[in-house]
Amino acid sequence: MFRKPKPDIQIKTPEQIRRMREAGKVVARALDAVRAAAAPGLSTLDLDAVAEEVIRGAGAVPSFKGYRPIPSEPGFPGSICASVNEEVVHGIPRASKVLADGDVVSVDCGAILDGWHGDSAVTIPVGTVAEADTAMMDVCREAMWRGIAELRPGRRLGDIGHAIDSYIRSQGSYGNVQEYGGHGIGTEMHMEPHVLNHGKPGKGLRLEEGMCLAIEPMATRGTRHVAVLEDEWTVVTRDGGRAAHFEHTVAVTAEGPMVLTAREDDRAELEKRAFPDPGW
Ligand code: MG
Ligand code: MG
C-alpha cells in the first residue's frame with residue numbers, strides 16, 4: 001500500500017496569524033471604503049482606485065495587480081476584481097463599466113503586508129436592489145459563515161464544502177458554482193489546499209491548528225454553470241442570471257475559526273457564532 005503524499009500546507013504560528021490579521025485589516029478597510037463609495041454613476045475602475053488608495057496608504061501592496069496564474073500571460077490589471085450582475089468573479093475594473101441603480105457588484109480584494117496575504121470579497125447592492133437579489137446575497141453570505149464554522153482542528157475539508165453546498169441547496173433554486181473555490185493562503189495568495197464549495201462530510205484533508213484558508217462561495221439565482229469571457233478573466237453565468245460572492249480569510253485555531261479579514265460589520269456575526277476575537 002502507498003500512502004497519498006500530504007500536500008504541502010503552510011502551518012502558521014500564533015504570531016504569524018497575528019501578522020496575517022494586520023494584512024486582513026487592510027483588506028477590510030479597502031472593502032469598507034469601496035462599499036461606502038459604490039453608487040450609481042461610478043465605474044468599476046473608480047472603485048478600483050478607492051481600494052488601491054487604501055491599500056497603498058496602509059503601506060501594503062495590492063496582491064491582484066499583475067497577478068498571473070500562467071507566467072507567460074499578461075497579469076491582472078486591477079487592485080480589485082469587480083464583477084457586476086451576471087459576472088460571478090474575476091471582473092476587470094473598467095471605466096466603461098458604470099454602475100446603475102439596482103446592480104449588484106461583487107468586489108474581491110487582496111493585499112500583502114510585510115509578506116503576508118489577506119483575501120476577502122463582498123457583494124454590494126448599488127442603490128435599491130430587487131428583493132430576489134438581496135435574498136441571493138443573504139444565502140451566499142450565510143453559506144460562507146457556515147463553511148467558516150467548520151474551520152476547527154479535526155474537521156475535514158469535505159465538512160466545509162458540505163456545509164456550504166447543503167445550505168445553498170436547502171434555500172431554493174440557487175446555483176452553487178463549482179469551477180472555483182477557496183484556497184490556502186499565507187505567504188502566497190493561492191496555496192494548498194484547494195477548498196471545494198461542495199463535498200462529503202468527514203472526507204478529505206484533516207484541518208489542523210495554524211492552517212489558514214480563504215472560504216469563498218459563489219451563489220447564483222439560476223444555473224450554476226459559468227463561462228469565461230474573451231478577456232480571459234471575467235467569469236459569467238451561462239444563463240445571464242445574477243450572482244453573489246462572499247469571502248473571508250480564516251485561521252484554524254484551538255478556540256475556533258479566527259476571521260482575519262473581519263470588518264466592523266462582521267462583529268455581530270462573530271459574537272453570535274462565538275468565533276474568537278481577531279483583534280480590531
Ligand atoms: Mg478573493
Ligand atoms: Mg480567494
Side-chain angles (χ1 to χ4, degrees), residues 5-12 16-17 19-24 26-28 30-31 48 51-52 55 60-83 87-93 106-122 144 147-148 150-151 157-158 160-161 164 176-199 204-205 207-208 210-218 226 228 231-235 245-252 257-261:
K6 199 172 172 185
D8 189 17
I9 294 171
Q10 200 173 56
I11 300 293
K12 282 77 164 177
Q16 289 170 333
I17 289 172
R19 290 170 68 185
M20 282 186 68
R21 171 58 175 152
E22 293 308 309
V26 175
V27 177
L31 287 177
D48 186 73
E52 183 163 1
I55 293 168
V61 176
S63 45
F64 292 8
K65 201 149 218 176
Y67 180 79
R68 31 171 86 73
I70 302 160
S72 58
E73 303 263 308
F76 189 79
S79 292
I80 58 170
C81 295
S83 309
E87 298 172 352
V88 185
V89 287
H90 305 167
I92 297 173
S106 296
V107 176
D108 194 345
C109 182
I112 314 164
L113 185 68
D114 297 330
W116 295 97
H117 286 248
D119 184 9
S120 182
V122 285
M144 174 192 72
I148 289 172
E150 298 297 321
L151 267 71
L157 272 189
I160 302 171
I164 290 169
N176 176 18
V177 176
Q178 301 197 348
E179 284 82 353
Y180 304 88
H183 48 90
I185 180 167
T187 52
E188 305 285 341
M189 177 162 61
H190 291 138
M191 306 182 81
E192 291 292 343
H194 181 59
V195 183
L196 291 171
N197 288 325
H198 57 98
L205 180 83
L207 303 182
E208 292 173 29
M211 288 182 179
C212 293
L213 304 176
I215 303 301
E216 48 179 317
M218 289 142 274
V226 295
V228 180
D231 65 20
E232 293 184 1
W233 285 103
T234 312
V235 177
H245 177 216
F246 286 87
E247 177 182 23
H248 271 310
T249 296
V250 186
V252 178
M258 186 178 284
V259 182
L260 302 177
T261 43

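Worth knowing before you read on, the calculation uses all heavy atoms, side chains too, and leaves out hydrogens, waters and symmetry mates.
Between the CD1 atom of Ile148 and the CD1 atom of Ile215 there is a distance of 6.5 Å, given to the nearest 0.5 Å. For the atom pair Ile9 CD1 and Cys212 SG, the distance stands at 11.5 Å (nearest 0.5 Å). Taking CZ from Phe64 and CD1 from Ile55, the interatomic distance works out to 8.5 Å, rounded to the nearest 0.5 Å. Put simply, CE on Met258 and CG on Leu151 are 12.5 Å apart, with the number rounded to the nearest 0.5 Å. Rounding to the nearest 0.5 angstrom, the gap separating the CD atom in Glu192 from the CE atom in Met211 is 11.0 Å. The structure places CE of Met218 at 8.5 Å from CD of Glu247, a figure rounded to the nearest 0.5 Å.
Among all heavy-atom pairs drawn from Ser63 and Ala111, the shortest one is OG-N, 3.3 Å. The minimum heavy-atom distance linking Ile92 with Pro77 is given by the pair CG2-CG, 3.5 Å. Smallest separation of non-hydrogen atoms from Asn197 and Pro217: ND2-CA, 3.6 Å. Nearest approach of Ala30 to Cys109, heavy atoms of both residues: CB-SG, 3.9 Å. For the pair Ser79 and Asp48, the tightest heavy-atom approach, listed with the atom from each and the gap, is N-OD1, 2.6 Å. When all heavy atoms of Val27 and Ser120 are compared, the closest pair comes out as CG1-CB, 3.7 Å.
Counting only distance, with no hydrogens or angles, the side chain of Asp108 and the backbone of Ile80 share no donor-acceptor pair below 3.5 Å. Distance alone, capped at 3.5 Å, is enough to place a donor-acceptor pair between the His183 side chain and the Met189 backbone. Without hydrogens or angle criteria, Arg68 side chain to Pro74 main chain gives no donor-acceptor distance under 3.5 Å.
Side-chain atoms of Ile185 and Met20, non-hydrogen and from C-beta on, do get closer than 4.5 Å to each other. In this structure, Tyr67 and His190 have side chains that are in contact, with non-hydrogen atoms separated by less than 4.5 Å. When side chains are defined from C-beta on, Asp114 counts as touching Arg19, because their heavy atoms get closer than 4.5 Å. Residues Leu207 and Leu157 have side chains in contact (heavy-atom distance under 4.5 Å, counting atoms from C-beta outward). Side-chain atoms of Met144 and Glu216, non-hydrogen and from C-beta on, never get closer than 4.5 Å to each other. In this structure, the side chains of Gln16 and Trp116 come closer than 4.5 Å at one or more pairs of heavy atoms. The shortest side-chain heavy-atom distance between Ile11 and Glu208 falls under the 4.5 Å cut-off. Annotation: side chain of Leu213 is in contact with side chain of Pro193 (closest heavy-atom distance under 4.5 Å).
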Q. For His90 and Thr234, what are the C-alpha separation, side-chain angles and deciding distance, and is it a side chain to side chain contact (heavy atoms under 4.5 Å, CB included)?
A. CA-CA 5 Å; His90 305 167; Thr234 312; 5.9 Å; no

Ser106 vs Phe246, side chain to side chain contact (heavy atoms under 4.5 Å, CB included): CA-CA, chis, key distance, verdict
CA-CA 8 Å; Ser106 296; Phe246 286 87; over 6 Å; no

**Prompt:** Please walk me through it: do Val235 and Tyr180 pass side chain to side chain contact (heavy atoms under 4.5 Å, CB included)?
**Reply:** CA-CA 10 Å; Val235 177; Tyr180 304 88; 3.4 Å; yes

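For the salt bridge (Lys or Arg N to Asp or Glu O under 4.0 Å) test, residues two or more places apart in sequence or in another chain that qualify with Glu150 are Arg155.
Residue Glu179 qualifies as enclosed at atom CD: its count of foreign heavy atoms under 6.0 Å is above 12.
Side chains of Gln10 and Thr187: a donor-acceptor N/O pair is present below 3.5 angstrom, by distance only. Thr261 and His248 are linked by a side-chain donor-acceptor pair at a separation below 3.5 angstrom, with hydrogens and angles left out of the test.
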